[in-house]
Q: 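The structure follows.
Computed from a predicted model, the values in this text were never measured in an experiment.
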Amino acid sequence: MSIVKLNNQAVKNATSFGSITGLGSMVLIKKLTASSSATLSFVNGTDGVVLDDTYKEYVFTFNNIHPASNNKDLMFQGGASYNTPITSTMFRSLHAEADNDASLGYTTAYDQAQGTAFQVISGDISGDADGSMSGSLTLFNPSSTTFVKHFIANTNAMWFEPYSIQTFLAGYFNTTSAISQIQFKMDSGNIDAGDICLYGIA
């Protein structure tokens, strides 16, 4: 593990710092921009997408995902037919714009226990002109043929009420087959605007 080395005995007297190495990097693989899109799909080997053993960790970032209509959920699934068994857990915190309500709680409606449905990442996103959702989803070692495929997501959205709503999701694809493709969509209607970027962690 690399550390920062001080060339003097105290930080306030330091005139130079040693180098920082071995921190790794995020490598942009692909950016998809929604425009009234039914789905956005990242498929290994298609259109420059890498989702294999090149990296052990992949990160999807969401930037201002805007649903075509109000109160919609952004969802994802993986695997050859987008029906891989998922076990997941979710909780979220929310705070009203009017400052008259705030809460933190487990979200039973959005968890799965060996479910094959699309997994909700962020629910109840506002379709107002200024409404959107942003955040990230990390997928660990999707090419493994030994272990399940873990994922963690953290998002914030303008809720339809309106509220600020932060969602914490974690789970795994319960398969020892490689996950070489991931698809995103709304629970109904289109993704009106926004972009999703895929990064490999080197």
Q: Would you call Met158 and Asp130 a side-chain contact if the rule is heavy atoms closer than 4.5 Å?
A: yes

Q: Would Lys30 and Phe42 count as a side-chain contact (heavy atoms from CB on, under 4.5 Å) if you check the C-alpha gap in whole Å, the side-chain angles of each, and the deciding distance to 0.1 Å?
A: CA-CA 8 Å; Lys30 187 71 178 180; Phe42 295 84; 4.0 Å; yes

Q: May I ask you to decide if Ser41's main-chain N or O and Thr39's side chain share a donor-acceptor pair within less than 3.5 Å?
A: no

Q: Measuring from Met75:CE to Phe184:CZ, what's the distance to the nearest 0.5 Å?
A: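 One finds 12.5 Å between CE of Met75 and CZ of Phe184.
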
Q: Find out if a path of hydrophobic residues (ILVMFWY) with successive side-chain heavy-atom gaps under 4.5 Å connects Phe118 to Val43.
A: yes

Q: Taking the six-membered ring where the residue is Trp, are the ring centres of Tyr199 and Phe60 under 6.0 Å apart?
A: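 Not under 6.0 Å, so no.
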
Q: Taking Leu28 as the starting point, is it possible to reach Leu198 by hopping between hydrophobic residues whose side chains are less than 4.5 Å apart?
A: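 Different clusters: Leu198 never reaches Leu28 through Ile, Leu, Val, Met, Phe, Trp or Tyr contacts under 4.5 Å.
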
Q: Please lay out, stage by stage, how Glu57 and Thr138 fare under the test side-chain contact (heavy atoms from CB on, under 4.5 Å).
A: CA-CA 7 Å; Glu57 182 178 345; Thr138 302; 3.5 Å; yes

Q: Quick one: pull up CG in Asp187 and CD1 in Ile125 and give me the separation to the nearest 0.5 Å.
A: 8.5 Å

Q: Where do Leu40 and Ala34 come nearest, in terms of heavy atoms and distance?
A: CD1-CB, 4.0 Å

Q: Less than 4.5 Å apart, any side-chain heavy atom of Thr155 and any of Phe168?
A: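 A side-chain contact is absent here, since even the closest heavy-atom pair is not under 4.5 Å.
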
Q: Answer whether the closest heavy-atom distance between the side chains of Thr167 and Phe91 falls below 4.5 Å.
A: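 Not touching, per the 4.5 Å side-chain cut-off.
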
Q: Do Val49 and Tyr58 share a hydrophobic cluster (ILVMFWY, side-chain heavy atoms under 4.5 Å, transitive)?
A: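 Yes; tracing contacts between hydrophobic side chains, which count when under 4.5 Å, links both residues.
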
Q: For a 4.5 angstrom cut-off between non-hydrogen side-chain atoms, does Asp124 reach Arg92?
A: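 Sidechains of Arg92 and Asp124: in contact.
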
Q: Would Ile152 and Met26 show up in the same hydrophobic cluster when neighbours are defined by side-chain heavy atoms closer than 4.5 Å?
A: no

Q: Who else is in the cluster with Leu94 when I, L, V, M, F, W and Y are joined by side-chain contacts under 4.5 Å?
A: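 Besides Leu94, the cluster holds Trp159, Phe160, Tyr163, Ile165.
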
Q: Is there side-chain contact between Gln181 and Asn44, with heavy atoms separated by less than 4.5 Å?
A: no

Q: Do the non-hydrogen side-chain atoms of Ile179 and Thr84 ever get within less than 4.5 Å of each other?
A: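 With C-beta onward as the side chain, the pair touches.
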
Q: May I ask you to decide if Ala202's main-chain N or O and Lys56's side chain share a donor-acceptor pair within less than 3.5 Å?
A: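 No, because the side chain of Lys56 does not come within donor-acceptor range (under 3.5 Å) of the backbone of Ala202.
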
Q: State which residues pass side-chain hydrogen bond (donor to acceptor under 3.5 Å, both in side chains) with Asn100; sequence neighbours excluded, sorted by chain then number.
A: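 If we apply the side-chain hydrogen bond (donor to acceptor under 3.5 Å, both in side chains) test to Asn100, skipping adjacent residues, there are no hits.
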
Q: CZ of Phe173 to CD of Gln77: how many Å apart, nearest 0.5 Å?
A: 5.5 Å

Q: Excluding sequence neighbours, so at least two apart, what forms side chain to side chain contact (heavy atoms under 4.5 Å, CB included) with Ser69?
A: Lys72

Q: Taking the side chain as every heavy atom from C-beta outward, state whether Asp195 and Cys197 have any pair of such atoms under 4.5 Å apart.
A: yes

Q: Between Ser132 and Asn64, do the side chains contain an N or O donor and an N or O acceptor separated by less than 3.5 Å?
A: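 Yes.
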
Q: Is there a donor in the side chain of Asn154 and an acceptor in the side chain of Gln166, or the other way round, less than 3.5 Å apart?
A: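 Looking only at side-chain atoms, Gln166 and Asn154 do form a donor-acceptor pair, the distance falling under 3.5 Å.
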
Q: Is a side-chain N or O of His66 found less than 3.5 angstrom from the main chain of Gly131, in a donor-acceptor match?
A: yes

Q: Do Lys185 and Phe76 form a cation-pi contact, if we require the NZ or CZ to be under 6.0 Å from the six-membered ring centre and within 45 degrees of the ring's axis?
A: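 That pair does not qualify as a cation-pi contact.
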
Q: How far does CG of Asn190 sit from OG of Ser35, to the nearest 0.5 angstrom?
A: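 Output value for this atom pair is 9.5 Å.
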
Q: Supply the atom-to-atom distance Thr61 OG1 to Lys31 NZ, rounded to the nearest 0.5 angstrom.
A: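 Between atom OG1 of Thr61 and atom NZ of Lys31 there are 9.0 Å.
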
Q: How would you list, by chain and number, every residue that makes a side-chain hydrogen bond (donor to acceptor under 3.5 Å, both in side chains) with Thr176, sequence neighbours excluded?
A: none

Q: Say whether Leu137 and Tyr82 are linked into one hydrophobic cluster, either directly or through other cluster members, by side-chain heavy-atom distances under 4.5 angstrom.
A: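 Result: yes, single cluster for both.
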
Q: Can Ile182 and Leu51 be said to form a side-chain contact (heavy atoms from CB on, under 4.5 Å), step by step?
A: CA-CA 9 Å; Ile182 297 288; Leu51 195 58; 3.9 Å; yes

Q: Kindly compute the distance separating OG (Ser37) from CD1 (Ile65), expressed to the nearest 0.5 Å.
A: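 Interatomic distance, Ser37 OG to Ile65 CD1, rounded to 0.5 Å: 9.5 Å.
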
Q: Kindly indicate whether the side chain of Asn63, heavy atoms from C-beta on, has any atom under 4.5 Å from the side chain of Ser134.
A: yes

Q: Residues in side chain to side chain contact (heavy atoms under 4.5 Å, CB included) with Ser88, at least two apart?
A: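 Applying side chain to side chain contact (heavy atoms under 4.5 Å, CB included) to Ser88 gives Ile86, Asp111, Gln112, Gln119, Phe151, Leu169.
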
Q: Can you check side-chain contact (heavy atoms from CB on, under 4.5 Å) on Ile201 and Tyr55, steps first, answer last?
A: CA-CA 6 Å; Ile201 306 301; Tyr55 304 101; 5.7 Å; no

Q: Under 3.5 Å, sequence neighbours excluded: what are the donor-acceptor pairs made by side chains of residues 139-146?
A:
from, atom 1, to, atom 2, distance (Å)
Ser144, OG, Thr146, N, 3.1
Ser144, OG, Phe147, N, 3.0

